[in-house]
**Student:** 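The structure's right below; bear with me while I get my questions together.
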Amino acid sequence: MPSETLWEVAKAEVEKKGSDGNEGDGLEMGEKSVFFIGSKNGGKTTIILRCLDRDEPPKPTLALEYTYGRRAKGHNTPKHIAHFWELGGGPSLLDLITIPITSDTSRTFSIVLVLDLSKPNHLWPTMESLLQVTKSHIDKVIMKLGKTHSKAASDMRQKMWSSLPKDHPDRELIDPFPIPLVIIGSKYDIFQDFDSEKRRIICKTLRFVAHSYGASLMFTSKSEALLLKIRGVINQLAFGIDKSKSICVDQNKPLFIPAGLDSLSQIGAPPIPDNDIGKLHANSPMDLWKKVYENFFPPKNINTLKDIKDPARDPQYAESEVDEMRIQKDQELEQYKRSSSKSWKQIEFDS
């Protein structure tokens, strides 16, 4: 029997890859995407620039921004491409989450949620709204993917359990986020000066949330040492570089807890007297922690939409001719409003 030709071997290899779940998805090997969401002015852009070794001052993110980076794992190896997406405006622009994450791209995505530790009263509502909307969208995307690529959708669901040891005592109590999730607490330099009890409550709460989602949790600041540790974590998501095996659960130090290495027994109960827990009427453990946290840090009722600056008035986008025309049109609009108002008053008077 004649031996196989080179073309026959190559054809068989391609067919084997297709049967393993790639199914002609059009995605290049080595390409991954990291989506940064989180607190307004929380430091998302700074982290991205540091991960890409870009020495430039961060600019405000207006809506949804994109950049990319390349990195080789070793000498004479192809460079891997990482796509970095960033959502600006905190929770105010949640609808834009649906743009980069689709059924075609979902298998390459990871989520990085950056929370401003210096604003504890904004922390829970920001975290809750962003995670709920993102999770809901990704669940729908995976469901849609399952209709055409059932094995790929199944593999995504199974992959999220891989970070949790099979003998982990909390395995039945955890509901993993549908794609890899990292929660970063920023501005630790301010947070470390908080009262010890406030720090304890925030640390325990974030540990519970991260562990419940099967996520990693870590704190950072402008410190070069902390930024390097965060860079290592992002590089793992973006370029597949080996995970760090270090861990720190001491509330008096910056937390660094990779997914699957925490436990409910180490986290402990919500920081509230036992006789008060029954008075909170919580529907789930997550709801209980929310009520306890908000008891210490009442959420501020703010309209996040008001915080969005008008890009047309941003100095970095100044264009003299366009700006002059804009001023002229604004004046014409005000004149129209005044003339219209007088006309209506005249009509009302005449009637």
**Student:** Output yes when a side-chain donor or acceptor of Asp287 lies under 3.5 Å from a complementary backbone atom of Asn283, and no otherwise.
**Tutor:**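 Judged by distance alone, yes, a pair lies under 3.5 Å.
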**Student:** Aromatic rings Phe35 and Trp85: how do their planes relate, parallel, tilted or perpendicular, breaks at 30° and 60°?
**Tutor:**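 Geometry flag for Trp85 against Phe35: perpendicular rings.
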**Student:** Within the side chain of Ser221, is there an N or O that forms a donor-acceptor pair under 3.5 Å with the backbone of Tyr188?
**Tutor:**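 No, Ser221 side chain to Tyr188 backbone: no donor-acceptor pair under 3.5 Å.
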**Student:** Does Lys291 come within less than 4.0 Å of Glu294, counting only side-chain N to carboxylate O?
**Tutor:**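 Answer for the salt bridge query: no.
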**Student:** One pair to check against side-chain contact (heavy atoms from CB on, under 4.5 Å): Ile111 and Thr134. What are the steps and the verdict?
**Tutor:** CA-CA 9 Å; Ile111 298 293; Thr134 305; 4.0 Å; yes
**Student:** Does any N or O in the side chain of Ser216 come within less than 3.5 Å of the main-chain N or O of Ala259, such that one atom is a donor and the other an acceptor?
**Tutor:**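 Present.
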**Student:** Please work out which of the three classes, parallel, tilted or perpendicular, describes the rings of Phe297 and Tyr293, given edges at 30° and 60°.
**Tutor:**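 It falls in the tilted class, 30° to 60°.
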**Student:** Regarding Asp155 and Lys151, does a basic nitrogen lie under 4.0 Å from an acidic carboxylate oxygen?
**Tutor:**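 The answer is yes: the pair qualifies as a salt bridge.
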**Student:** Regarding Asp53 and Arg50, does a basic nitrogen lie under 4.0 Å from an acidic carboxylate oxygen?
**Tutor:**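 The answer is yes: the pair qualifies as a salt bridge.
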**Student:** Considering all heavy atoms of both residues, which atom of Phe219 and which atom of Ile230 are nearest to each other, and what is their separation?
**Tutor:**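 Looking at all heavy atoms of both residues, the shortest contact is O-CD1, 4.4 Å.
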**Student:** Provide the closest heavy-atom pair for Gln266 versus Arg207 in the form atom of the first, atom of the second, distance.
**Tutor:**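 So the two residues come closest at CB-NH2, 3.7 Å.
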**Student:** Give a yes or no answer on whether the side chain of Arg199 reaches the backbone of Phe194 with a donor-acceptor pair at less than 3.5 Å.
**Tutor:**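 Between the backbone of Phe194 and the side chain of Arg199 there is a qualifying donor-acceptor contact (under 3.5 Å).
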